[in-house]
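Every number for a ligand or one of its atoms is a count from 1 in the order of the listing. Only heavy atoms go into these numbers, but all of them, side chains included; no hydrogens, no water, no symmetry mates. Heads up: numbering here begins at 1 and tracks the sequence.
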Amino acid sequence: TAGKVPAIEGDILVYAEGAQSGQPLKASDLTDKITRAWPQGKDKDGKPVIKKDEPNNLLIVFKFPPAEIVAPTDLKGVQDGVVAYSGICQHLGCQVGDNPSKPETILCPCHSGAYDPRAGCKVIGGPPPKPLPQLPIKLDAGGVMATGSLNGPYYGLTESDWKSLLE
Ligand code: FES
């Protein structure tokens with residue numbers, strides 16, 4: 001169903017939790033801490049659909065001083081320091097979170113997997129086998145819009161599963 005399709009170009013990112021749940025992200029409200037979001041696309045009749053029927057579509061979005069964002073982040077998918085990734089740990093699929101004791105990193109609460117969100121969410125600790133894939137975005141009308149799909153499979157999918165899902 002449309003609610004399970006991964007984020008694609010043109011999807012709008014909406015808050016996944018909190019008082020503004022389901023409303024478009026406001027780029028000006030993003031911070032260097034995690035904001036959880038869902039992609040919102042359209043069904044075949046053109047009606048908006050929040051793609052939360054697939055829990056692995058959950059995204060995390062940040063806004064950093066642009067100069068802090070470094071390789072291997074795909075800078076073509078970043079605008080004004082706003083960067084988005086899969087929010088699901090690549091180890092066994094838990095939701096990643098902020099890391100109060102080391103705020104420049106994010107942490108998976110399940111087995112202490114750690115990622116660097118300023119550097120392409122590369123793995124910097126624990127068992128995750130690969131980085132969190134990045135969702136390329138641009139800012140649009142004060143919100144955040146996907147300009148493509150995640151640059152790799154989210155948790156639990158092989159490259160070939162992922163390619164067939166995007167076809
Ligand atoms: Fe994230 Fe194990 S599920 S570290």
Side-chain angles (χ1 to χ4, degrees), residues 1 3-8 11-22 25 29-41 49-65 68-78 81-137 144 146-166:
T1 68
K4 288 193 170 192
V5 176
I8 56 167
D11 283 1
I12 288 175
L13 272 46
V14 302
Y15 290 98
E17 57 194 5
Q20 300 184 83
S21 189
L25 296 193
D29 286 351
L30 296 169
T31 70
D32 63 356
K33 301 288 179 290
I34 285 175
T35 296
R36 291 192 176 82
W38 296 112
Q40 175 180 284
V49 176
I50 297 177
K51 297 172 164 178
K52 59 183 178 184
D53 296 344
E54 169 51 72
N56 289 326
N57 280 340
L58 188 71
L59 301 167
I60 53 174
V61 190
F62 301 88
K63 185 169 191 214
F64 298 121
E68 292 182 4
I69 302 179
V70 297
T73 315
D74 174 10
L75 294 176
K76 292 191 301 296
V78 174
V82 175
V83 59
Y85 299 97
S86 169
I88 304 296
C89 183
Q90 291 279 23
H91 179 221
L92 293 174
C94 294
Q95 283 189 24
V96 297
D98 291 313
N99 185 358
S101 64
K102 218 175 164 203
E104 71 279 14
T105 72
I106 56 174
L107 186 66
C108 177
C110 291
H111 316 96
S112 301
Y115 301 90
D116 182 346
R118 292 170 177 78
C121 265
K122 67 180 180 186
V123 180
I124 50 171
K130 50 187 179 174
L132 298 176
Q134 183 186 342
L135 183 76
I137 60 88
V144 182
T147 57
S149 302
L150 290 171
N151 65 356
Y154 56 53
Y155 165 71
L157 292 183
T158 63
E159 291 285 343
S160 67
D161 288 341
W162 177 241
K163 284 196 183 112
S164 54
L165 196 57
L166 289 176

Can you tell me if an N/O/S atom from C110 lies under 2.8 Å from atom 2 (Fe) of ligand 1? no

With respect to atom 2 (Fe) of ligand 1, please indicate if C89 possesses an N, O or S atom at a distance under 2.8 Å. no

Using only atom types and a distance under 3.5 Å, with no angle test, would you say the side chain of Q90 pairs donor to acceptor with the backbone of P153? yes

Any atoms of ligand 1 less than 4.0 Å from a non-hydrogen atom of G113? List them with their elements. 4 (S)

How far is atom 3 (S) of ligand 1 from its nearest protein heavy atom, and which residue and atom name does that atom have? L92 N, 3.2 Å

My understanding is that only one of D11, N57, T1 makes a side chain to side chain donor-acceptor pair (under 3.5 Å) with K51; could you say which? D11

Name of the H91 atom (N/O/S only) found closest to atom 2 (Fe) of ligand 1: ND1

Give the atom name of whichever N/O/S atom in H111 sits closest to atom 2 (Fe) of ligand 1. ND1

Strictly under 2.8 Å, is atom 1 (Fe) of ligand 1 approached by any N, O or S atom of C108? yes

Working to the nearest 0.5 angstrom, can you tell me the gap between I34 CD1 and Q95 CD? 9.0 Å

Hey, is D116 close enough to R118 for a salt bridge, meaning N to O under 4.0 Å? no

Kindly check if C89 and C110 bring their SG atoms closer than 2.5 angstrom. no

For K102, does the NZ atom have more than 12 heavy-atom neighbours from other residues, nucleotides or ligands under 6.0 Å away? no

Report yes or no: does a heavy atom of G126 sit under 4.0 Å from some atom of ligand 1? no

